[in-house]
> 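My questions all concern the structure below.
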Amino acid sequence: MTQEKKKGGVLPPDGGWGWMIVAGCFVVTVCTRAVTRCISMFFVEFQMHFARDYSGTAWIHSLVDCTTMLCAPLGSLIGNRLSCRVAVILGGILSSIGLVLSSFATSLEHLYLTLGVLTGLGFALCYTPAIAMVGIYFCERKALAYGIAMSGSGIGTFILAPVVQLLIEHYSWRGALLILGGFVSNLCVCGALLRTIILKDKEACPLPVDSECEYGVKPPTVNSVPTGKAVGDKLEVDAKQRGFQSMQEYHFLLMPDFLVLAGSFLLLASGCSLPFVYLVPYALDVGVGHQHAAFLMSILGVIDIIGNITFGWLTDRRCLKKYRNICYMFAVGMEGLCCLFIPLLHTFVLLVPFSVLYGYFDGAYVALIPVVTSDVVGTTYLSSALGVVYFLHAVPYLVSPPIGGWLVDTTGTYTATFFLSGFALISSSLLLFSVTVIRRCQRNQKNSLSKVPKLVSCEDKQVDYYTSKKKRLDDNDTTHFIALG
């Protein structure tokens with residue numbers, strides 16, 4: 001490690017303090033994504049207390065998700081400019097304040113602002129920097145590390161779903177939100193664990209690029225200005241340098257592979273949030289009790305953990321490491337198929353297999369999103385790329401739940417809502433699959449053409465042969481003519 005540091009950087013330790021980073025990211029996902037999922041437990045309470053329809057109540061959950069993803073680039077920016085530690089601690093303070101203020105809400109509009117916007121902004125500042133730190137500390141075991149870190153979403157859902165239901169029953173929804181506000185303040189502790197890797201004592205040099213992981217931290221920058229320059233010239237150079245760095249941070253936006261991946265993420269975000277919002281209301285609508293409906297969310301959460309860890313471990317194996325994209329497509333496609341069968345399930349016993357399958361494949365693809373993104377853009381741009389990736393989730397997360405609620409209000413059933421979710425997820429998988437097949441066919445065609453002998457060279461040889469033969473005949477005729485002369 002010391003030798004690498006003298007050469008200009010430190011390679012990913014793949015362990016050591018990196019496991020503390022994984023633990024911190026684990027708790028961050030519990031306090032952000034698991035709490036966001038459990039907001040659906042308040043859906044019926046909000047609807048009854050404020051006497052509003054499905055569409056109006058669904059805006060609360062969609063605003064939390066939308067703000068979290070919409071402000072993800074802001075979290076990346078603060079993490080890059082200041083530090084990931086500052087971003088997560090600041091996010092923990094904002095999200096805790098938002099949940100506490102939500103417990104005093106007097107209208108849905110109040111909840112839109114405090115629970116939707118303020119809490120979502122705090123989650124955004126925590127989520128992306130914590131995930132990016134795991135990618136910096138791990139290379140060889142990156143998928144496993146992300147699987148463990150992202151399993152916090154499933155474990156948190158498994159534990160928090162019945163706990164939140166009990167809190168609502170004993171302390172009403174106001175007391176439950178107040179207690180969640182105190183729980184989320186643990187994000188500040190997680191932020192304190194995020195210690196960055198120091199590249200050099202005085203200057204940040206790019207790390208040596210690893211052949212497999214394409215590891216690096218940032219593009220080369222100008223670190224000094226000649227002493228003879230004036231202060232104004234130095235400030236101008238520094239401004240140009242900062243502008244160049246900002247452009248380099250988002251250079252991956254010009255990559256065709258990332259653009260295709262971004263389109264797939266848009267479709268994915270359009271369908272993945274609907275089951276978490278409407279599973280409990282659907283279960284209550286078909287006659288399942290409150291505790292059993294909450295238990296469905298717990299099952300979904302605990303199986304989510306298994307999907308996170310097992311898929312992370314499997315895709316780190318040499319036999320599957322080259323096929324991470326295919327594993328990701330398979331998980332998303334299977335999750336979409338599960339959604340298409342929900343309208344056929346009308347009892348708790350039948351809804352349990354859905355929770356198992358949907359939770360497993362949800363955990364699988366969630367763990368692979370940072371890994372697939374890192375494989376496309378490299379570790380150098382991972383933090384900025386994750387900010388853009390989660391930013392792309394914002395608008396679908398904002399629009400999908402209200403559209404699903406409108407479909408429920410219009411049709412009187414949940415069938416159209418779950419069909420919308422299923423087709424969006426399947427379309428996301430098919431988009432990546434189609435591009436992969438096209439690329440493979442083009443590559444095979446190119447390889448086959450390179451193996452065919454060049455016909456042009458044969459023709460050239462044939463022309464040269466007849467030209468030389470004709471030239472010899474002409475020379476013989478000329479010699480014979482001279483001899484006769």
> With distance as the sole test, does Arg33 use its side chain to make a donor-acceptor pair with the main-chain N or O of Gly156 at under 3.5 Å?
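Checking the backbone N and O of Gly156 against the side chain of Arg33, no donor-acceptor pair under 3.5 Å is found.
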> Check salt bridge (charged side-chain N to carboxylate O under 4.0 Å, His left out) between Asp409 and all other residues, then give those that pass, not counting sequence neighbours.
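With neighbours one apart ignored, the set is empty.
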> At what distance, to the nearest 0.5 angstrom, does CD1 of Ile168 lie from CE of Met41?
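Between atom CD1 of Ile168 and atom CE of Met41 there are 6.0 Å.
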> As an exercise, state the distance from CZ of Phe183 to CG of Leu180, rounded to the nearest 0.5 Å.
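Reported to 0.5 Å precision, the distance equals 8.0 Å.
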> With a sphere of 6.0 Å drawn around CH2 of Trp19, does it hold more than 12 non-hydrogen atoms of other residues, nucleotides or ligands?
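Check passes, neighbour count above 12.
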> Do Leu392 and Met69 have side chains that get closer than 4.5 Å, going by heavy atoms?
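No, every pair of side-chain atoms sits at 4.5 Å or beyond.
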> Counting distance only, does the side-chain N/O of Thr410 pair as donor-acceptor with the main-chain N or O of Trp406 below 3.5 Å?
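Side chain of Thr410 to backbone of Trp406, a donor-acceptor pair under 3.5 Å: yes, one is there.
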> Leu167 and Trp173: side-chain contact (heavy atoms from CB on, under 4.5 Å), yes or no, with the steps?
CA-CA 8 Å; Leu167 290 175; Trp173 62 268; over 6 Å; no
> Side-chain contact test, heavy atoms from C-beta onward, threshold under 4.5 Å: evaluate it for Ser421 versus Tyr278 and give yes or no.
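Answer no - side chains too far apart.
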> Under the 3.5 angstrom rule, does the side chain of Tyr171 hit a backbone N or O of Leu177 as a donor-acceptor pair?
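Judged by distance alone, no pair lies under 3.5 Å.
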> To check you understand the geometry: which heavy-atom pair defines the closest contact between Ser355 and Ile299, and what is its length?
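Heavy-atom minimum between the residues: CB-CG2, 3.9 Å.
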> Work out which heavy atom in Ala293 is nearest to a heavy atom in Val288; give both atom names and the distance.
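Smallest heavy-atom distance, with atoms named: N-CG1, 3.7 Å.
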> Got a donor-acceptor contact below 3.5 angstrom from the Arg324 side chain to the Val372 backbone?
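Flag not set: sc Arg324 to bb Val372 has no pair under 3.5 Å.
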> Starting from the C-alpha separation in whole Å, work towards a yes-or-no answer on side chain to side chain donor-acceptor pair (under 3.5 Å) for Tyr146 and Ser374.
CA-CA 12 Å; Tyr146 270 124; Ser374 178; over 6 Å; no
> Might you point out which heavy atoms bring Cys126 and Val28 nearest each other, and give the distance in Å?
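Looks like O-CG1, 3.9 Å.
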> Looking only at heavy atoms, what is the nearest atom pair of Pro275 and Cys272, with distance?
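Taking Pro275 first and Cys272 second, the nearest heavy atoms are CD-O, 3.6 Å.
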> If we ignore angles and hydrogens, is there a donor and acceptor under 3.5 Å between the side chains of Thr29 and Tyr127?
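No pair is found: no donor N or O on one side chain lies under 3.5 Å from an acceptor on the other.
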> Between Phe419 and Phe423, what is the ring plane arrangement, given parallel below 30°, perpendicular above 60°, and tilted in between?
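Rings of Phe419 and Phe423: perpendicular, as their planes differ by over 60°.
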> At their closest point, which heavy atom of Leu194 faces which heavy atom of Ile21, and how far apart are they?
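For Leu194 and Ile21, the tightest heavy-atom pair comes out as CA-CD1, 3.8 Å.
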> Any chance you could measure Leu425, atom CG, to Leu430, atom CG, to the nearest 0.5 Å?
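Those atoms lie 11.0 Å apart.
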> Identify all side-chain donor-acceptor contacts of residues 87-102 below 3.5 Å with residues at least two apart in sequence or on another chain.
from	atom 1	to	atom 2	distance (Å)
Ser95	OG	Gly91	O	2.9
Ser95	OG	Gly92	O	3.2
Ser96	OG	Gly181	O	2.7
Ser102	OG	Gly98	O	2.7
Ser102	OG	Thr114	OG1	2.9
Ser102	OG	Leu115	N	3.1

> Run the side-chain contact (heavy atoms from CB on, under 4.5 Å) check on Leu407 and Tyr414 step by step: do they pass?
CA-CA 8 Å; Leu407 290 173; Tyr414 292 83; over 6 Å; no
> Can you check whether Gly182's main-chain N or O pairs, donor with acceptor, with Ser185's side chain at less than 3.5 Å?
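Looks like yes, one N/O pair under 3.5 Å.
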> If you define the side chain from C-beta out and look only at heavy atoms, does anything of Phe123 sit under 4.5 Å from Thr36?
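Side-chain contact under 4.5 Å: yes.
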> Taking all heavy atoms of Leu274 and all of Ser400, pick out the closest pair and write down the distance.
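Between these two residues, the closest heavy atoms are CD2-O, 3.3 Å.
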> Give the table of side-chain donor-acceptor pairs shorter than 3.5 Å for residues 335-351, with sequence neighbours excluded, one pair per line with atom names and distance.
from	atom 1	to	atom 2	distance (Å)
Glu335	OE2	Tyr358	OH	3.4
His346	NE2	Pro343	O	3.1
Thr347	OG1	Leu350	N	3.4

> Can you measure from CZ (Arg195) to SG (Cys84) and round to the nearest 0.5 angstrom?
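Reported value, rounded in 0.5 Å steps: 14.0 Å.
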> Between Val22 and Tyr137, is a side-chain contact (heavy atoms from CB on, under 4.5 Å) present by the stated rule, with each step listed?
CA-CA 9 Å; Val22 170; Tyr137 270 83; over 6 Å; no
> Could you measure the distance from the CD atom of Glu169 to the CD atom of Gln291? Nearest 0.5 Å is fine.
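Output value for this atom pair is 5.0 Å.
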> What's the separation between atom CE in Met48 and atom OG1 in Thr57, rounded to the nearest 0.5 Å?
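So the CE of Met48 and the OG1 of Thr57 are separated by 11.5 Å.
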> Quick one: which of Phe418, Phe276, Phe354 gives a ring pair (Phe, Tyr, Trp, His ring centres under 6.0 Å) with Tyr282?
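So the option named by the test is Phe418.
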> Picking from Ile60, Val280, Val164, Leu111, what satisfies side chain to side chain contact (heavy atoms under 4.5 Å, CB included) with Phe42?
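Per the side chain to side chain contact (heavy atoms under 4.5 Å, CB included) rule, the option paired with Phe42 is Val164, out of Ile60, Val280, Val164, Leu111.
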> Give a yes or no on this: more than 12 heavy atoms of other residues, nucleotides or ligands lie within 6.0 Å of atom CZ of Phe295.
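No, not enclosed.
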